[in-house]
Colleague: 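Take a look at this one; I'll ask things after.
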Amino acid sequence: MRDMTFPANKSAQQTAPALRMRDVRLSLGGRHVLDSLNLCIDTHGVTALMGPNGTGKTQALRLMHGLIRPTAGTVTWNDTPAEAKTSTQALVFQKPVLLRRSVAANIDFVLKARRGDRSRRDALLDHVGLLDKARQPARALSGGEAQRLALARALALDPQVLLLDEPTASLDPGSVLAIERIITQAAHQGVKVILVTHDVGQARRLADDVVFLHRGRVAEHSPAHQFFPRPQSAVARDFINGRIVV
């Protein structure tokens, strides 16, 4: 895999909007998943979304992407409702859903749907280290390779915002390193990255700021260089020190 900037569409504008969540409540199945959540995330760098299991991280990510709407409150990007901004974003799940086609065809599908330059396909696959597997069935890839293909497919959309839900969970260290490199390169090119992770080490390596959720609310939001050595909330301190099981 080449250590290079990813091949973005030259016409794409990589100026990410700012996110604001105001008094957000989300109820699912009669249970409050998020409650009175207020959050503002700026336009630059990597934001790590952390917290114990069941605290609403994945649902918060879905709200940010406009896949679901809050029960109450608002989710906006530069004052535009989240559901109107999905075309400028890409969401990668923990378990990527790949087409029953070749590796190359998975990228072709996205480029064709967006009327993008299909000549970028090989450059994208080269960028994530999969060019030599272009003709292989996508579903025959290993877990790490499949996640790299999912990231290449997301980058083919030329997103302003890249939303990632535990993209390295259960992967081997080499795959984790490869995916972290792709994330870092995207952020360096101006893509806003919001990353859900349980991995404290990964958040230390990648994050510019950390949003820590607890019981459906923001317990803490601070720059990474302040959060990790001096977390302000007791629950965040316990989490970092391994006293809360994720």
Colleague: Residues two or more places apart in sequence or in another chain: which of them pass side-chain hydrogen bond (donor to acceptor under 3.5 Å, both in side chains) with Asp209?
Modeller: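 side-chain hydrogen bond (donor to acceptor under 3.5 Å, both in side chains) check on Asp209 returns Thr47, His221.
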Colleague: Is it the case that the side chains of Ser27 and His32 hold a donor-acceptor pair, with the cut-off being a distance below 3.5 Å and no angle test?
Modeller: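 A donor-acceptor contact under 3.5 Å links the two side chains.
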Colleague: Quick test of your reading of the model: are Asp42 and Arg20 salt-bridged, counting only N-O distances below 4.0 Å?
Modeller: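 No salt bridge links Asp42 with Arg20.
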Colleague: Taking the side chain as every heavy atom from C-beta outward, state whether Val191 and Gln160 have any atom pair closer than 4.5 Å.
Modeller: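 Contact flag for Val191/Gln160 side chains = no.
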Colleague: Between Asn78 and Ala18 (side chain of the first, backbone of the second, donor and acceptor by atom type, cut-off under 3.5 Å), is there such a pair?
Modeller: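 Present.
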Colleague: Heavy-atom distance under 4.5 Å between the side chains of Leu63 and Leu37, does that happen here?
Modeller: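 A side-chain contact is absent here, since even the closest heavy-atom pair is not under 4.5 Å.
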Colleague: If I compare all heavy atoms of Leu49 with all of Ala60, which pair ends up nearest, and what's the gap?
Modeller: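 Of all heavy-atom pairs spanning Leu49 and Ala60, the closest is CD2-CB, 4.3 Å.
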Colleague: Would you check if the side chain of Arg148 reaches a backbone N or O of Val128 as a donor-acceptor pair within less than 3.5 Å?
Modeller: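 Confirmed, Arg148 side chain pairs with Val128 backbone.
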Colleague: Looking only at heavy atoms, what is the nearest atom pair of Met64 and Trp77, with distance?
Modeller: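 Result for this residue pair: O-NE1, 2.8 Å.
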Colleague: Under a 4.5 Å cut-off applied to non-hydrogen side-chain atoms, are Val103 and Arg135 in contact?
Modeller: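 They are not in contact (no side-chain heavy atoms under 4.5 Å apart), so the answer is no.
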Colleague: Is there a side-chain contact between Asn53 and His198 in this structure, where contact means two heavy atoms from C-beta onward sitting under 4.5 Å apart?
Modeller: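 Of all side-chain heavy-atom pairs linking His198 with Asn53, at least one is under 4.5 Å.
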Colleague: Looking at side-chain heavy atoms only, is the closest gap between Arg25 and Leu34 below 4.5 Å?
Modeller: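 Arg25 does not reach Leu34 side chain to side chain.
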Colleague: Can you tell me if Gln89 and Thr86 form a side-chain donor-acceptor pair at under 3.5 Å?
Modeller: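 There is no such pair (donor and acceptor under 3.5 Å, judged by atom type) between the side chains of Gln89 and Thr86.
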Colleague: Could you tell me which non-hydrogen atom of Glu166 sits nearest to which non-hydrogen atom of Thr197, and how far apart they are?
Modeller: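 The pair with the smallest heavy-atom distance is CG-CA, 4.3 Å.
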Colleague: Does a donor on one side chain sit under 3.5 Å from an acceptor on the other, for Ser102 and Gln136?
Modeller: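 No pair is found: no donor N or O on one side chain lies under 3.5 Å from an acceptor on the other.
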Colleague: Please enumerate all residues that pass ring pair (Phe, Tyr, Trp, His ring centres under 6.0 Å) together with Phe227, with sequence neighbours excluded.
Modeller: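 Ring pair (Phe, Tyr, Trp, His ring centres under 6.0 Å) check on Phe227 returns nothing, list empty.
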Colleague: Report yes or no: do Asn106 and Arg101 form a side-chain donor-acceptor pair below 3.5 Å?
Modeller: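 Short answer, no.
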Colleague: Test of understanding: with side chain to side chain contact (heavy atoms under 4.5 Å, CB included), list the residues that count as partners of Arg139, not counting sequence neighbours.
Modeller: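 Partners of Arg139 by the side chain to side chain contact (heavy atoms under 4.5 Å, CB included) criterion, ordered by chain and then number, come out as Arg100.
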Colleague: What closest approach, in Å, do Ala156 and Val110 show between heavy atoms, and which atom pair accounts for it?
Modeller: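 In terms of heavy atoms, the two residues are closest at CB-CG1, 4.0 Å.
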Colleague: Are the side chains of Thr71 and Leu28 in touch, meaning some heavy atoms are under 4.5 Å apart?
Modeller: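 With C-beta onward as the side chain, the pair stays apart.
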Colleague: Any sub-3.5 Å donor-acceptor pair from Lys57's side-chain atoms to Pro52's backbone N or O?
Modeller: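 Such a contact is found between Lys57 side chain and Pro52 backbone.
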Colleague: Indicate whether the side chain of Glu220 and that of Ser233 have a donor and an acceptor atom separated by less than 3.5 Å.
Modeller: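 Yes, because at least one side-chain N or O of Glu220 sits under 3.5 Å from a partner of the opposite role on Ser233.
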Colleague: State, to 0.1 Å, how close Ile240 and Pro231 come at their nearest heavy-atom pair, and which atoms those are.
Modeller: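 Between these two residues, the closest heavy atoms are CD1-CG, 3.9 Å.
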